[in-house]
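Take this structure, written in structure tokens, and hold onto it; I'll ask about it next.
Side chains included, hydrogens not; waters and symmetry mates left out as well; all remaining heavy atoms used.
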Amino acid sequence: MPPRKKEYGIKRESGSPVHFRSPVSATTVRRHSAVVPSVLTFAVIVASGGLLLMIEKGMLNSVQTPPPRANGNKVEYRPRNGDAAVDVESQIIQEIRNRTIRSMCGQKNMPHSVWSLNPPQRKTLLQHILVNDEHRFLYCYVPKVACSNWKRVLKVLSGALANVEVKVKMDHRADLLFLSDFPPEEIRHRLRHYYKFMFVREPMARLLSAYRNKFGEIEAYQRKYGAEIIRRYRKGYAKEKKIAGNDVTFTEFVRYLLDEDPERMNEHWMPIYNLCQPCAIEYDFIGSYERLETDASYVLERVGAPRHVRFPERQTWYKPVTKETLHYYLCTVPQKFLKELLPKYILDFSLFGYPLPNTTTEYCRH
């Protein structure tokens with residue numbers, strides 16, 4: 001057997017090591033990539049807004065689009081506020097997203113069911129799907145996409161919380177039911193008969209949100225990841241023992257992501273595709289963080305939530321990732337690193353309809 005790659009480890013408070021793999025070579029990244037060149041090319045062009053060019057040149061002739069849902073029913077989007085303009089816009093967004101997902105997920109190399117995933121992929125997926133049996137729905141949660149507030153909603157629906165405004169620290173496991181808690185036959189039943197939804201977010205904004213939160217506010221993440229990231233990527237710190245880990249730069253964080261296997265990343269920066277596997281599960285609705293209030297209201301109505309159950313308002317202390325903030329942080333990262341990073345998240349960009357970020361020198365001057 002070939003020798004195992006060297007792993008870097010630091011100690012958790014419990015004493016068990018937290019492993020950091022040694023930097024991954026370009027060859028290894030290519031070998032482990034789940035995206036074949038043809039699909040990756042398609043994804044890049046779609047994400048860059050080049051779909052019309054592909055049609056014109058006949059490049060989509062080999063892309064097979066699966067038929068509509070078996071029951072033929074069209075899912076209508078009607079938000080609670082009844083705004084006709086919002087209704088039409090939302091339906092267009094959903095239709096574009098659904099067509100893109102059907103086209104790309106219809107390719108032979110993509111998974112077509114939960115059971116076609118390898119064990120680690122399936123474990124990650126099932127551990128991220130929350131279950132509500134009373135209202136018969138499944139919600140795939142994505143960290144940094146308002147998942148804490150959705151968990152509050154689920155706890156209110158189950159009776160574990162009186163209302164979404166209760167001032168209590170969120171326990172991300174207690175009083176929640178996960179699809180991984182069930183045996184295979186019950187998993188199949190719920191996947192077949194329950195309403196399934198997830199929420200997505202612009203990939204780089206989600207990464208920046210995770211970076212600011214975990215390395216700027218959470219001491220456990222600073223100790224667990226921050227200190228080792230600094231040792232690995234900051235000159236002169238390789239053998240430093242006492243590092244707080246609270247001053248990781250965004251560039252250092254990006255370099256760390258480049259050396260990580262997407263399927264083994266921490267859930268806060270693992271690609272949405274790997275967390276929720278939209279090719280293996282046919283979601284009835286995919287909402288957007290950018291349209292959170294409207295999309296959340298629609299989902300609550302669609303699953304039959306009581307009228308008094310509403311989606312929580314954003315906390316006053318919350319610091320949103322604005323376009324200006326994202327522009328600033330992306331432009332602090334050398335372009336060569338961003339160009340290497342984007343392929344890791346290309347399916348998040350392309351499947352969910354987000355354009356690739358502009359990080360050219362000219363753009364960053366403004």
Side-chain angles (χ1 to χ4, degrees), residues 28-44 46-47 60 62-73 75 94 97-131 136-143 145 177-200 203 260-267 269-286 343-353:
T28 303
V29 171
R30 286 194 295 270
R31 185 170 63 249
H32 286 292
S33 174
V35 186
V36 298
S38 60
V39 177
L40 180 58
T41 302
F42 176 80
V44 171
V46 170
L60 293 183
S62 61
V63 177
Q64 301 297 320
T65 303
R69 302 180 189 282
N71 58 18
N73 294 331
V75 178
Q94 286 297 310
R97 188 170 285 160
N98 289 340
R99 285 177 178 271
T100 304
I101 290 175
R102 286 201 301 267
S103 295
M104 292 191 64
C105 292
Q107 306 310 301
K108 291 181 180 180
N109 65 297
M110 305 299 270
H112 295 109
S113 78
V114 170
W115 314 107
S116 65
L117 299 170
N118 64 45
Q121 291 172 333
R122 185 162 57 248
K123 179 181 179 181
T124 295
L125 172 63
L126 297 181
Q127 289 180 341
H128 282 82
I129 295 182
L130 290 162
V131 180
R136 297 170 63 83
F137 71 77
L138 304 177
Y139 158 57
C140 185
Y141 80 87
V142 178
V145 189
L177 195 59
F178 296 82
L179 200 54
S180 57
D181 296 332
F182 296 90
E185 63 273 14
E186 294 193 33
I187 291 175
R188 288 187 175 91
H189 172 80
R190 286 166 175 78
L191 286 171
R192 189 177 302 116
H193 298 290
Y194 283 21
Y195 185 77
K196 300 173 287 293
F197 70 93
M198 60 181 286
F199 273 70
V200 299
E260 286 294 288
D261 179 350
E263 293 189 0
R264 298 176 64 186
M265 285 181 177
N266 178 279
E267 63 173 5
W269 41 82
M270 180 181 285
I272 298 174
Y273 175 85
N274 296 85
L275 289 170
C276 292
Q277 296 289 347
C279 288
I281 291 182
E282 189 174 17
Y283 289 94
D284 297 288
F285 184 77
I286 298 178
K344 283 183 179 280
Y345 296 89
I346 194 63
L347 288 177
D348 287 0
F349 281 106
S350 56
L351 286 175
F352 308 128

Can you check whether N98 reaches R102 side chain to side chain, under 4.5 Å on heavy atoms? yes
Does any part of the side chain of Y283, heavy atoms only, come nearer than 4.5 Å to the side chain of L138, both counted from C-beta? no
Looking at OG of S116 and CD of Q121, how far apart are the two atoms once the value is rounded to the nearest 0.5 Å? 8.5 Å
Could you give me the CA-CA distance, side-chain angles and deciding distance for M104 and L351, then say whether side-chain contact (heavy atoms from CB on, under 4.5 Å) is met? CA-CA 8 Å; M104 292 191 64; L351 286 175; 3.9 Å; yes
Is there a side-chain contact between I281 and C140, using heavy atoms and a 4.5 Å cut-off? no
Would you check, one step at a time, whether the test side-chain contact (heavy atoms from CB on, under 4.5 Å) holds for F182 with L126? CA-CA 9 Å; F182 296 90; L126 297 181; over 6 Å; no
Applying side-chain contact (heavy atoms from CB on, under 4.5 Å), run through L179 and L125 and close with a yes or a no. CA-CA 9 Å; L179 200 54; L125 172 63; over 6 Å; no
Taking C-beta and beyond as the side chain, do M198 and L275 meet within less than 4.5 Å on heavy atoms?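 Of all side-chain heavy-atom pairs linking L275 with M198, none is under 4.5 Å.
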Cationic N near anionic O, under 4.0 Å, R264 to E260: no
Closest non-hydrogen atom pair, P120 against N118: CD-OD1, 3.0 Å
Within a strict 4.5 Å, meaning less than it, do heavy atoms of the F352 and P278 side chains meet?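 Yes, close enough: below the 4.5 Å cut-off.
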May I have all residue pairs that pass salt bridge (charged side-chain N to carboxylate O under 4.0 Å, His left out) and include part of residues 106-126, sequence neighbours excluded?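 Sorted result for residues 106-126: empty, none.
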Validation row: V200, I286 side chains within 4.5 angstrom (heavy atoms):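 Touching, per the 4.5 Å side-chain cut-off.
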Hey, does the side chain of D348 reach the backbone of I272 with a donor-acceptor pair shorter than 3.5 angstrom?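 Checking the backbone N and O of I272 against the side chain of D348, a donor-acceptor pair under 3.5 Å is found.
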Report the residues that fulfil salt bridge (charged side-chain N to carboxylate O under 4.0 Å, His left out) with E267, sequence neighbours left out, ordered by chain and then residue number. none
Can you see which heavy atom on K196 is nearest to which on E282, and at what distance?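 In terms of heavy atoms, the two residues are closest at CE-O, 3.2 Å.
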Any non-hydrogen side-chain atom of F178 less than 4.5 Å from a side-chain atom of Y141? yes
At their closest point, which heavy atom of I187 faces which heavy atom of W115, and how far apart are they? CG2-CZ2, 3.9 Å
Can you name the closest pair of heavy atoms from E263 and M270 and give their distance? O-CE, 3.5 Å
Run the ring-centre check on Y139 versus F197 and record whether the distance is less than 6.0 Å.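 Here the rings of F197 and Y139 have centres that are less than 6.0 Å from each other.
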Heavy atoms, side chains only, cut-off 4.5 Å: are M265 and N274 in contact? no
Of all heavy-atom pairs between F199 and V142, which one has the smallest distance, and what is that distance?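 Taking every non-hydrogen atom into account, O-CG2, 3.7 Å.
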Donor-acceptor pair, side chain of H189 and main chain of Y194, under 3.5 angstrom: no
Which value, rounded to the nearest 0.5 Å, describes the distance between Q127 atom CD and D181 atom CG? 9.0 Å
